[in-house]
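See structure below.
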Amino acid sequence: QVQLVESGGGLVQAGGSLRLSCAASGRTVSSYTMGWFRQAPGKEREFVAGIARIPVITSYTDSVKGRFTISRDNTKNTVYLQMNSLKAEDTAVYYCAADQDGSIGRVSTTARNYDYWGQGTQVTVSS
């Protein structure tokens, strides 16, 4: 099994940037399809971005395309979410997740397909 710990959240003004990190232990992130999800109060957990196992393919929800970038550093065993041009609607708790059974070159956008989850990190965007 893999353990995931998110960090990098905080308070930022609209138009600003944050970089979230997901540090993994127990297993290597290259063994999994990795995803970022977010959940605002009273809302369902929403897919934000994902990165597939080799070959590396990324996927983004429409609302963040062109603003967010997911990447991974296998040396550090860490997945990142670079968030630029942040909007108030991006305010949520952001979760890192790992999909053990994901197909190579594919990213699932469905939370129930992911097997391991971090505890989340709060992102608050003020306007």
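Because the structure is a prediction, the values reported are computed rather than measured. FYI, the numbering just counts along the sequence from 1.
Annotation for Val29 and Ala24: closest pair CG1-CB, 3.4 Å, computed over non-hydrogen atoms. Shortest non-hydrogen contact noted between Ala98 and Val2 is CB-CG1, 4.1 Å. Of all heavy-atom pairs between Ala92 and Ala40, the closest is CB-N, 4.0 Å. Nearest approach of Ser17 to Asn84, heavy atoms of both residues: OG-OD1, 2.8 Å. Val107 and Gly50 make their closest contact through CG1-CA, 3.8 Å (heavy atoms, listed as atom of the first residue, atom of the second, distance). What you find for Tyr32 and Arg72 is that their closest heavy atoms are O-NH1, 3.9 Å.
Just one residue in the list Leu86, Val48, Leu81 forms a side-chain contact (heavy atoms from CB on, under 4.5 Å) with Val64, and that residue is Val48. Of the options Glu46, Lys43, Arg45, a side-chain contact (heavy atoms from CB on, under 4.5 Å) to Arg38 is made by Glu46 and by none of the others.
Sorted pairs that involve residues 48-105 and meet ring-ring contact (aromatic ring centres under 6.0 Å, His included), not counting sequence neighbours, are lacking altogether. Residue pairs satisfying the disulfide bond (SG atoms under 2.5 Å apart) criterion with at least one member in residues 52-102, sequence neighbours excluded, are listed as follows: Cys22-Cys96.
Checking side-chain atoms of Thr110 against main-chain N and O of Arg112 turns up no donor-acceptor pair under 3.5 Å. Asn77 places a side-chain N or O within donor-acceptor distance of the main-chain N or O of Arg27, the cut-off being under 3.5 Å. Judged by distance alone, with hydrogens and angles left aside, the side-chain atoms of Thr91 form no donor-acceptor pair with the main-chain N or O of Glu89 at under 3.5 Å. Of the possible donor and acceptor atoms, none in the side chain of Glu6 sits under 3.5 Å from a partner among the backbone N and O of Thr121.
No chain of hydrophobic side-chain contacts below 4.5 Å, direct or via other Ile, Leu, Val, Met, Phe, Trp or Tyr residues, connects Tyr114 to Val56. Val125 and Leu18 fall within a single hydrophobic cluster, where Ile, Leu, Val, Met, Phe, Trp and Tyr are joined by side-chain heavy atoms under 4.5 Å apart, directly or via other members. Ile70 and Phe47 are assigned to two separate hydrophobic clusters, defined by single-linkage of ILVMFWY side chains at heavy-atom distances under 4.5 Å.
Interatomic distance, Arg106 CZ to Ile57 CD1, rounded to the nearest 0.5 Å: 6.5 Å. Of the inter-residue distances, the one linking Ile51 atom CD1 with Ser71 atom OG reads 6.5 Å to the nearest 0.5 angstrom. Note that OG of Ser21 is 10.0 Å distant from CG of Asp73, once rounded to the nearest 0.5 Å. How far CZ of Arg67 is from OG of Ser85: 7.0 Å, rounded to the nearest 0.5 Å. With rounding to the nearest 0.5 Å, the separation of CG in Asp101 from CG in Asp115 is 5.5 Å.
The pair Lys87-Asp90 fails the salt-bridge criterion, with no side-chain N (NZ, NE, NH1 or NH2) lying under 4.0 Å from an Asp/Glu carboxylate O.
Remark: aromatic rings of Phe37 and Trp117 are close, center separation under 6.0 Å.
No side-chain heavy atom of Val5 sits less than 4.5 Å from a side-chain heavy atom of Gln119. Using a 4.5 Å heavy-atom threshold, the side chains of Thr124 and Val12 count as separate.
In the model, Asp99 has no side-chain atom that pairs as donor or acceptor with a side-chain atom of Thr33 under 3.5 Å.
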